[in-house]
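Structure, as structure tokens:
The basis for the numbers below is simple: all heavy atoms, side chains too, and nothing from hydrogens, waters or symmetry mates. Note that the structure is predicted; figures quoted are calculated from it, not measured. We count ligands from 1, going down the list as the structure has it; atoms in each ligand are counted the same way.
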Amino acid sequence: MTKIDILLGLQWGDEGKGKIVDALTPDYNAVARFQGGPNAGHTLEFNNQKYILHTIPSGIFHTDKLNIIGNGVVLDPSVFLEEVNTLRPVLPDIERNLVISSRAHLILPTHRLLDAAYEKVKGVMKIGSTLKGIGPAYTDKTARLGLRIGDILRDDFRDLYYSKKSDHFKILESLSFTIDEDFEQMETEWFDGIELLKRFRIENSEYLINGLSAKGSKILAEGAQGTMLDIDFGSYPFVTSSNTVSAGACSGMGIAPGLIGEVYGIFKAYCTRVGSGPFPTEQINTTGERLRMQGHEFGATTGRPRRCGWLDLPALKYSIMINGVTRLFMTKSDVMSGFETIRVCRKYRINGIETDQLPYDHSMEIEPVYTNYPGWSEDISKLKSYDELPENLKSYIGIIEKETGVPVAIVSVGPDRSETIYRD
Ligand code: GDP
Ligand code: IMO
Ligand code: MG
């Protein structure tokens, strides 16, 4: 069996997973998503074009490679329809290299309404969800009430759908949630999406994936969100509803732990977070504003401004531990150009005591303990080799490697596929 590599986010999402998966795809035979849904926004840039993917794996532009939506994903047919329509001009035969797991769960139009209703109920404790229906869809999955992709092929699918819709309407009513008149339109688009889905290969993708591996094919598993948004290990309750960590790749694709090869952990040279929840190194000041502007830090799915701050080493080390990261990929190093001083949080101070462990209760008052390092001023976006990088950037990378014990194998210096420096 050929091992399956995983690429996943080590922070709060938006680390640049889409860009790097696309850049690495030529080395693989297939790319598979294993969790999350259209809350993800993975941006790819090449040939002066920019694409944002939500459900479809980021290997899709390499038309000779297979892309698989695994069983751990929740799929919204409406979003899928829009995504395929947007890609159709450049990928006219997208049905040929995209396979969808029959076990992946469906996001219903009412799941989106429930998401909005629950956020409203939470008030100031709201999660800042993307409102794509992720939480309610995974809730139904776990409650054994969900509908799956394979169900769309059943003769009684519409009846099943209307029965779920009626149950959801009762919950919405109990939450005093008013259903907009555009619901019918949402439902029509959703059923159009269902019809489109029927044109794709719907399979028990666990057999496909294990079969490919047995034949010697190389598969790259693409994570969504980030470790700090993991349902178990993130800053609960300000998290998403799936396991974003490497273990999620086993359950989200149907592969044994022993089949996992490399675990590529991707992180930004600084930190961002979109939505609510604790963010110890957040800079609500001109530094944060500067990172946001230089890094164009606005959500790929919702357009919301991302909160920005310095690199958080305790959080990074935690993520590396939970995922078993074998190689680090650092993105957005170019965004840090021009800062005279760069700060790194090496420890937290909680109740006057220094620690490098993340607390169970993320609402605790965490004071980051920073070390300052000299920055670099050069524009690095056109550089092609590691040796050419400014000395201070190389020292910054050296500190991260020393602290984490994991090599930084890729340094990304711009959003384009080509703006990627491979170290080995
Ligand atoms: P993902 O969700 O992890 O795929 O990341 P997003 O696509 O949501 O956000 C990353 C953003 O940074 C996108 O706009 C990318 O085009 C961009 N990006 C990725 N890598 C780099 C990089 O090295 N430098 C710069 N300047 N932008 C990058
Ligand atoms: P990618 O794959 C960044 C955040 C939301 C919210 C919380 C829960 O592009 O990195 P949800 O919609 O899951 O109910 O939202 O998680 N969130 C993301 N933040 N990148 C993402 O995905 C995210 N997906 C969800 O902002 O705080
Ligand atoms: Mg994103």
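- Ring-centre distance between Tyr270 and Phe339: not below the 6.0 Å cut-off.
- When each of Arg307, Arg292, Lys332 is tested with Glu297 by the rule salt bridge (Lys or Arg N to Asp or Glu O under 4.0 Å), just one qualifies, namely Lys332.
- With Phe46 as the aromatic partner, Arg417 meets the cation-pi criteria of under 6.0 angstrom to the ring centre and within 45 degrees of the ring axis.
- Close approach to Ala224 involves these atoms of ligand 2, each under 4.0 Å from a residue heavy atom: 2 (O).
- Using a 30° and 60° split on the angle between ring planes, Trp376 and Tyr396 fall in the tilted class, from 30° to 60°.
- Atoms of ligand 2 found under 4.0 Å from any heavy atom of Val274 (numbered from 1 in listed order, with element): 3 (C), 5 (C), 19 (N), 26 (O), 27 (O).
- Residue Ala300 places no heavy atom under 4.0 Å from ligand 2.
- Given atom 23 (C) of ligand 2, the protein heavy atom at minimum distance is Gln225 CG, 3.6 Å.
- If you check which protein heavy atom lies closest to atom 4 (O) of ligand 1, you get Gly18 N, 2.9 Å.
- With ligand atoms numbered from 1 in the order given, ligand 2 contributes 5 (C), 26 (O) to contacts under 4.0 Å with heavy atoms of Arg304.
- Residue Trp12 touches ligand 2 through its backbone alone, judged by heavy-atom distances below 4.0 Å.
- What you find for Ser276 and Lys126 is that their closest heavy atoms are OG-O, 2.7 Å.
- Each of the following atoms of ligand 2 lies closer than 4.0 Å to a heavy atom of Ala40: 1 (P), 2 (O), 9 (O), 22 (O).
- The nearest protein atom to atom 6 (C) of ligand 2, hydrogens excluded, is given as Gly128 O, 3.2 Å; this is a heavy-atom distance.
- The proximity of Lys17 to ligand 1, defined as any non-hydrogen pair under 4.0 Å, involves the side chain as well as the backbone.
- Polar contact with ligand 2: absent for Gly13 (N/O pair, distance under 3.5 Å).
- For atom 6 (P) of ligand 1, the nearest protein heavy atom (residue, atom name, distance) is Gly41 O, 3.5 Å.
- Ligand-side atoms of ligand 1 in range of His42: 1 (P), 2 (O), 4 (O), 7 (O), range being under 4.0 angstrom from any heavy atom.
- The distance from ligand 2 to the heavy atoms of Leu229 drops below 4.0 Å at these ligand atoms: 4 (C), 16 (O), 17 (N), 18 (C), 19 (N).
- Residue contacts to the Mg ion (ligand 3): Gly41 brings an N, O or S atom closer than 2.8 Å.
- Distance from atom 10 (C) of ligand 1 to its nearest protein heavy atom, with residue and atom name: Asp14 O, 3.6 Å.
- Using 4.0 Å as the threshold, Lys132 has no heavy atom nearer than that to any atom of ligand 2.
- Polar contact with ligand 2: absent for Ser241 (N/O pair, distance under 3.5 Å).
- Heavy atoms of Lys17 come nearer than 4.0 angstrom to ligand 2 in at least one pair.
- Contact annotation: for Glu45 versus ligand 1, heavy atoms closer than 4.0 Å belong to the side chain alone.
- The N/O atoms of Gly16, backbone and side chain alike, include one that comes under 3.5 Å of an N/O atom in ligand 1.
- Checked options His42, Arg33, Lys17; the residue passing with Glu222 is His42 (criterion: side-chain hydrogen bond (donor to acceptor under 3.5 Å, both in side chains)).
- Pairing each heavy atom of Ile260 with each of Cys250, the nearest pair is CD1-SG, 3.6 Å.
- Those atoms of ligand 1 with a heavy atom of Ser412 less than 4.0 angstrom away are 20 (N), 21 (C), 22 (C), 23 (O).
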